[in-house]
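Worksheet for the structure shown next.
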Amino acid sequence: MRSSQYLLATQKETPADAEVISHQLMLRAGLIRKLASGLYTWLPSGLRVLNKVAGIVREEMDKAGAIEVLMPVVQPADLWQESGRWEEYGPELLRIKDRHQRDFVLGPTHEEVITDLVKREVSSYKQLPINLYQIQTKFRDEVRPRFGVMRGREFTMKDAYSFHLSQECLEKTYQDMYQAYCNIFERIGLEYRPVIADTGSIGGSMSHEFHVLAASGEDDIAFSNASEFAANVEMAEALAPAGERAAPTAEMQLVDTPKAKTINELVEQFNLPVEKTIKTLIVKGSEEAGSELVALLVRGDHELNEIKADKLPEVASPLTFASEEEIRAAIGAGPGSLGPVNLNMPVIADRAVSLCSDFGAGANQDGKHYFNINWERDVALPKVADIRNVQAGDPSPDGRGTLEIKRGIEVGHIFQLGEKYSQAMNCGVLTESGKHQVLTMGCYGIGVSRIVAAAIEQNHDKYGIIWPDAIAPFKVALIPMNMHKSHRIQEAAEALYKQLQQAGIEVLFDDRKERPGVMFADMELMGIPHHIVVGERNLDENQVEYKCRRSGEKQLLDLNKVLSFIQAL
RNA sequence: CGGUGAGUAGCGCAGCUUGGUAGCGCACUUGUUUUGGGUACAAGGGGUCGCAGGUUCAAAUCCUGUCUCACCGACCA
């Protein structure tokens with residue numbers, strides 16, 4: 001490709017609304033342009049990268065035995081009503097009407113369509129298992145699109161769906177997909193980790209997310225420093241602290257704390273150790289709890305995990321915090337003065353809380369706290385559950401090592417779905433014994449467009465993007481110095497260009513009438529991994545300069561060795 | 001969905017308080033210059049100031065409505 005006949009679209013200045021580095025660089029390097037909130041046009045260089053990623057995904061999926069299909073983006077509402085998600089799915093689901101006023105949705109995912117397809121096309125156990133996938137545009141009307149294509153509303157996703165007669169068979173395909181995903185991320189050249197993820201309300205099934213580690217990630221991932229354990233913080237189990245609860249050492253006392261509304265204030269003003277304080281959070285109760293409100297206790301230095309709390313039978317789902325008015329009406333004191341002593345509602349304490357002794361908490365009277373509270377002696381120990389987020393330094397749930405926490409970008413998610421959709425939509429086959437049996441399903445997603453952004457988050461420097469070779473828009477940048485003044489430069493550059501092209505190497509020939517600095521800067525910004533610089537000085541020796549984008553190392557190459565050198569990279 | 005802020009040339013911004021017919025940098029075009037790291041000089045093109053309504057002799061500027069975009073929040077009492 002000649003840059004003079006290409007849409008380079010690089011720019012010097014960073015648009016003001018781009019926050020994360022990948023978004024900034026994608027705009028500056030001319031990969032994408034915003035059309036509207038969460039909607040992006042892929043410019044030529046961006047599309048080349050996107051296609052490279054999609055190509056790798058496709059190859060590895062095929063290798064793992066999956067079969068490619070392509071389903072419509074627009075889906076009839078009937079299917080969503082059949083599965084129950086027409087009601088379940090929130091405003092993220094974009095609903096539209098056609099000219100006959102029939103309801104449709106813009107597909108955020110394709111479980112319904114694929115289940116409907118398999119129901120129609122697969123009728124015998126002999127055709128199983130089957131794993132169908134597509135690489136296609138999805139639409140989710142995100143609450144808050146941000147970070148460019150990292151969280152867009154329209155995005156490219158690879159989604160695969162497998163169908164099985166048995167759990168064993170599903171687990172086999174699940175493992176195959178797990179391996180295929182590892183192969184994909186390794187080939188692309190990303191630092192990634194598979195992590196245990198939320199199994200959701202479907203129950204019993206297994207789920208892993210694949211995260212690319214980057215500071216700008218939107219998820220917290222907990223890792224063991226001594227084992228392979230890795231889990232989304234949402235999921236990671238917080239073990240009870242080691243040891244028994246210490247015996248009480250002091251009498252409970254009521255203390256005036258008019259200026260202490262938060263744990264921080266309490267700790268500062270009364271010189272309490274933060275791990276000897278307890279936060280009392282009031283949430284809506286479920287029918288099972290038999291109470292409008294339920295209290296959750298976590299230690300002052302811990303955070304409530306809403307996903308864990310949401311799963312408690314006593315807690316109304318979705319988890320809803322009580323308003324200040326509701327709290328006052330029920331307890332007679334406001335937030336900031338709440339505690340377990342004399343609390344007239346069901347209480348659930350975190351494991352760590354159950355091991356506290358001589359601790360401080362609100363007295364359920366405004367401006368007062370109890371200090372030196374002890375379980376059993378001053379108040380009965382309530383139900384105990386794991387309801388907090390793990391923190392760095394906590395013991396790993398697998399019993400080996402302690403946890404570290406890093407940010408991750410979720411680029412893949414595999415899931416054992418079970419029968420949620422096949423049951424609702426009656427998708428089954430005849431078994432060997434001639435009986436109808438509902439199939440069990442797995443689903444496997446990869447955020448193809450998100451990978452492009454994630455790769456930049458991990459691979460950039462102050463000059464711009466540094467693409468891993470596997471997904472670079474071009475492999476080689478051919479940069480002639482002052483070609484428009486020098487015939488021999490032009491001849492040499494044209495000859496090299498032709499040679500590289502004929503060898504099937506993707507080369508961007510910068511034949512613009514630009515100063516060297518401009519060319520270097522653009523090629524570096526775009527992250528092209530290998531640069532060949534043709535200049536008068538070296539041409540006298542029949543040589544050109546090679547520069548590696550990533551390491552910055554330079555070396556001289558004989559003209560007749562350029563092709564073999566590049567091919568060997 | 002709540003809070004805050006912003007919409008003026010392709011991009012980044014000034015002008016608005018105190019109304020008087022729009023400006024700067026980058027980018028773009030032309031010429032000269034420079035030639036291994038975003039060169040310099042000169043000339044030039046490009047804007048119904050988000051949209052609609054109102055006040056006024058006169059509105060980018062004041063008022064009302066509306067749309068769009070961004071950031072923060074939607075959890076620790």
Side-chain angles (χ1 to χ4, degrees), chain A residues 8-20 23-24 27-28 30 33-39 90-92 141-148 234 257 260-267 274 277-283 293 295-310 318-324 326-328 331 333-339 343 350 353 361-364 366-367 369 387-389 463-464 479-486 489 512-525 531 533-539 544-545 547 552 554:
Chain A
L8 225 41
T10 55
Q11 50 191 201
K12 274 191 204 171
E13 287 179 85
T14 307
D17 55 5
E19 270 202 292
V20 296
H23 188 196
Q24 292 171 2
L27 291 166
R28 286 223 293 136
R33 287 292 182 266
K34 184 166 79 172
L35 179 64
S37 179
L39 304 177
E92 275 193 9
D141 203 353
E142 293 282 348
V143 199
R144 195 172 151 202
R146 57 180 143 181
F147 303 159
E234 291 175 348
T257 54
K261 291 270 183 217
T262 67
I263 290 292
N264 275 346
E265 288 165 355
L266 196 66
V267 166
V274 70
T277 60
I278 292 209
K279 289 191 280 201
T280 306
L281 315 177
I282 310 296
V283 300
L293 300 178
L296 305 175
L297 308 182
V298 295
R299 232 167 61 181
D301 56 333
H302 288 156
E303 286 184 1
L304 180 70
N305 179 311
E306 292 191 27
I307 296 201
K308 291 175 183 174
D310 187 71
L319 185 82
T320 315
F321 282 82
S323 68
E324 176 153 2
E326 287 166 322
I327 292 173
R328 285 198 172 279
I331 303 173
S337 304
L338 303 180
L343 192 56
D350 183 63
V353 168
N364 301 323
D366 277 330
H369 280 76
I387 56 172
R388 71 173 176 98
N389 281 335
Y463 301 111
I479 309 173
M481 300 289 93
N482 307 307
M483 182 171 76
H484 298 271
K485 289 275 171 63
S486 162
I489 300 279
R512 292 175 299 170
K513 194 177 171 181
E514 283 290 356
R515 291 178 48 84
V518 175
M519 293 181 176
F520 289 136
D522 274 343
M523 295 304 115
E524 277 161 359
L525 176 59
H531 297 185
V533 183
V534 185
E536 290 277 0
R537 277 198 321 237
N538 296 321
L539 216 50
V544 293
E545 183 184 283
K547 182 178 169 190
K554 298 175 181 176

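Values below: every heavy atom of this structure, side chains too, minus hydrogens, waters and symmetry copies. Each chain gets a letter, A, B and so on, in the order its sequence line appears, and its residues count up from 1.
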Salt bridge (Lys or Arg N to Asp or Glu O under 4.0 Å) partners for A:Glu142, two or more places apart: A:Arg151
Sugar-phosphate, base or nothing in reach of A:Asn389, heavy atoms under 4.0 Å: nothing
Watson-Crick or G-U counterpart of B:A6, or none if no pair lies under 3.5 Å: B:U68
Pair of N/O donor and acceptor under 3.5 Å linking B:G37 base with A:Asp522 side chain: no
Between B:C24 and B:A70 - P atom distance, rounded Å: 30 Å
Under 4.0 angstrom between A:Lys554 side-chain N/O and B:G36 OP1 or OP2: no
Listed nucleotide nearest any side-chain atom of A:Glu19, set B:A70, B:G38, B:C71: B:C71
Rounded distance in Å between the P positions of B:G44 and B:A6: 35 Å
Contact nearer the 5' end of RNA chain B, comparing A:Leu338 with A:Phe147: A:Phe147
For A:Glu19, salt bridge (Lys or Arg N to Asp or Glu O under 4.0 Å) partners two or more places apart: none
Nucleotide nearest A:Leu281 (side chain, heavy atoms from C-beta), chosen from B:C76, B:C69, B:C71: B:C76
Side-chain (A:Asn482) to main-chain (A:Lys485) donor-acceptor, under 3.5 angstrom: no
Nucleotide forming a Watson-Crick or wobble pair with B:G53, both distances under 3.5 Å: B:C63
Nucleotide-resolved protein contact map, nucleotides 3-12 of chain B, B/S/- at heavy-atom distance under 4.0 Å: --------BS
Options B:G37, B:C75, B:G36, nucleotide nearest the side-chain atoms of A:Lys547: B:G37
Under 4.0 Å protein heavy-atom contact, by nucleotide of nucleotides 41-47 of chain B - B base, S sugar-phosphate only: -------
So which protein nitrogen or oxygen atoms get under 3.5 Å of nucleotides 32-35 of chain B's nitrogens or oxygens?
residue: B:U34; atom: O2; partner: A:Arg515; partner atom: NH1; Å: 2.6
residue: B:U35; atom: O2'; partner: A:Asn482; partner atom: ND2; Å: 2.8
residue: B:U35; atom: O2; partner: A:Asn482; partner atom: OD1; Å: 2.1
residue: B:U35; atom: O4; partner: A:Lys485; partner atom: NZ; Å: 2.0

Partner set under side chain to side chain donor-acceptor pair (under 3.5 Å) for A:Arg33, not counting sequence neighbours: none
Sugar-phosphate only, base, or nothing, as touched by A:Ile263 at under 4.0 Å among non-hydrogen atoms: sugar-phosphate
Phosphate OP1/OP2 of B:C76 contacted by A:Thr280 side-chain N/O (<4.0 Å): no
Nucleotide nearest A:Met481 (side chain, heavy atoms from C-beta), chosen from B:G36, B:C75, B:G37: B:G36
side-chain N/O A:Lys12 vs B:A27 OP1/OP2, d < 4.0 Å: yes
Whole-angstrom distance between B:G38 and B:A27, as gauged at atom P: 13 Å
Separation between the P atoms of B:G37 and B:U29, rounded to whole Å: 23 Å
Given B:G37, B:G36, B:C71, the nucleotide with the shortest approach to the side chain of A:Arg146: B:C71
